[in-house]
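As structure tokens, the structure follows; a few thoughts come after it.
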Amino acid sequence: MNLTDAQIERYSRHIILPEVGGKGQARLLAGRVLIVGAGGLGSPAALYLAAAGVGTIGLIDADTVDLTNLQRQIIHATPDLGRPKVDSAADKMRAINPDVRVITRRERLTAANAQAVLKDYDFVIDGTDNFPSKFLVADACHFAHKPYSHAGILRFDGQTITVVPGETACYRCIFQAPPPAGAVPSCSQAGVLGVLAGVMGTLQATEAVKFLLGQGELLTNRLLVYNALKTTFRNVPLKRNPSCPLCGATPTITELKDETPATCDLK
Ligand code: ZN
């Protein structure tokens with residue numbers, strides 16, 4: 001891929017980096033990233049990936065923009081209230097960078113559509129906000145062999161890990177199954193610092209860019225835990241769990257399902 005003069009100028013601060021260069025920028029432009037959820041995590045991820053010139057960005061989200069979203073979902077603005085989130089987000093991304101092809105799906109990711117939704121992408125960003133969706137993304141990426149970035153946020157705490165299916169510890173190696181409904185409060189029940197979503201979603205975008213470039217070390221086999229009140233980042237080393245129900249030696253999850261039985265063995 002030959003960059004145009006305008007692209008060389010637009011991406012000059014990338015191209016000047018030896019780890020990126022013209023070749024790396026061409027890789028970004030050829031890259032395809034799916035963002036599941038155009039909310040608190042998906043907003044900064046989508047903005048940065050569009051600005052970075054990731055050539056194809058998919059967005060899947062069924063929701064419309066609500067007033068309570070605007071405290072942290074920075075891709076949406078007050079005039080977008082009531083609009084589908086994918087439309088609001090796509091407008092901003094296209095305005096930032098006309099090089100980017102934004103593919104929107106106004107629906108939820110489900111076991112039924114996951115294969116078709118994921119198949120055209122190189123990397124997936126999990127920007128969902130509830131446990132069933134996070135486990136569905138984890139399982140769907142496993143079965144589709146798609147590397148992905150998980151992140152979760154609540155109150156002042158965030159956690160993130162990157163998973164390369166079949167190679168590195170997966171989400172279910174750590175958390176075998178979703179907690180029982182109601183056991184862990186949601187952001188709407190317990191609150192979340194808006195900026196926290198920006199920090200974690202931006203880390204996820206960084207992982208996607210590094211993956212596309214083939215540079216650096218991905219956040220694999222360790223969970224990065226951020227506490228905004230204390231400004232601490234902790235690395236929790238992890239290994240693949242041989243008895244993981246998804247990627248272990250004798251997996252019990254052998255096909256994608258929407259509902260995962262709730263158990264109490266969240267660790
Ligand atoms: Zn696993």
Side-chain angles (χ1 to χ4, degrees), residues 33-37 41-42 45 60 108-119 121-154 157-181 183-184 200-201 203-208 210-212 214 216-226 233-267:
V33 175
L34 174 70
I35 301 172
V36 184
L41 297 165
I60 178 165
R108 294 181 69 83
L109 187 74
T110 65
N113 67 17
Q115 195 180 2
V117 173
L118 265 62
K119 69 176 172 47
Y121 294 94
D122 304 315
F123 191 91
V124 176
I125 288 181
D126 175 7
T128 64
D129 64 355
N130 63 82
F131 284 106
S133 295
K134 291 192 181 300
F135 280 87
L136 179 69
V137 171
D139 295 354
C141 288
H142 173 83
F143 290 117
H145 306 290
K146 300 291 182 185
Y148 76 99
S149 167
H150 155 85
I153 51 173
L154 188 68
D157 296 297
Q159 61 176 33
T160 178
I161 186 171
T162 299
V163 176
V164 182
E167 294 181 28
T168 71
C170 83
Y171 188 53
R172 284 192 189 264
C173 287
I174 318 166
F175 308 102
Q176 272 77 30
V184 178
M200 303 312 291
L203 286 169
Q204 292 186 282
T206 314
E207 290 293 290
K210 283 160 52 191
F211 176 83
L212 295 175
E217 289 173 29
L218 293 173
L219 181 60
T220 51
N221 294 321
R222 57 194 166 105
L223 188 70
L224 184 66
V225 181
Y226 171 56
F233 284 92
R234 278 192 306 132
N235 270 296
V236 181
L238 297 166
K239 285 183 183 159
R240 281 186 76 180
N241 177 358
S243 57
C244 173
L246 185 63
C247 77
T250 50
T252 52
I253 300 163
T254 53
E255 61 180 342
L256 197 55
K257 288 183 186 158
D258 277 319
E259 291 299 325
T260 310
T263 64
C264 293
D265 60 353
L266 182 79
K267 290 181 180 160

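When a ligand or atom number is given, it counts from 1 through the structure's own listing order.
Remark: Lys146 pairs with no residue by the salt bridge (Lys or Arg N to Asp or Glu O under 4.0 Å) rule, at least two apart or across chains. Listed by chain and number, the residues in a salt bridge (Lys or Arg N to Asp or Glu O under 4.0 Å) with Asp122 are Arg32 (sequence neighbours excluded). By the side-chain hydrogen bond (donor to acceptor under 3.5 Å, both in side chains) test, Thr220 pairs with no residue at all, sequence neighbours left out.
Proximity of a side-chain donor or acceptor of Arg240 to a complementary backbone N or O of Cys247 within less than 3.5 Å is detected. Not one N or O on the side chain of Glu207 forms a donor-acceptor pair closer than 3.5 Å with the backbone of Leu218. Remark: the backbone N or O of Leu256 is not paired with any side-chain donor or acceptor of Asp139 at under 3.5 angstrom.
Of all protein N, O or S atoms, those under 2.8 Å from the Zn ion (ligand 1) number 4.
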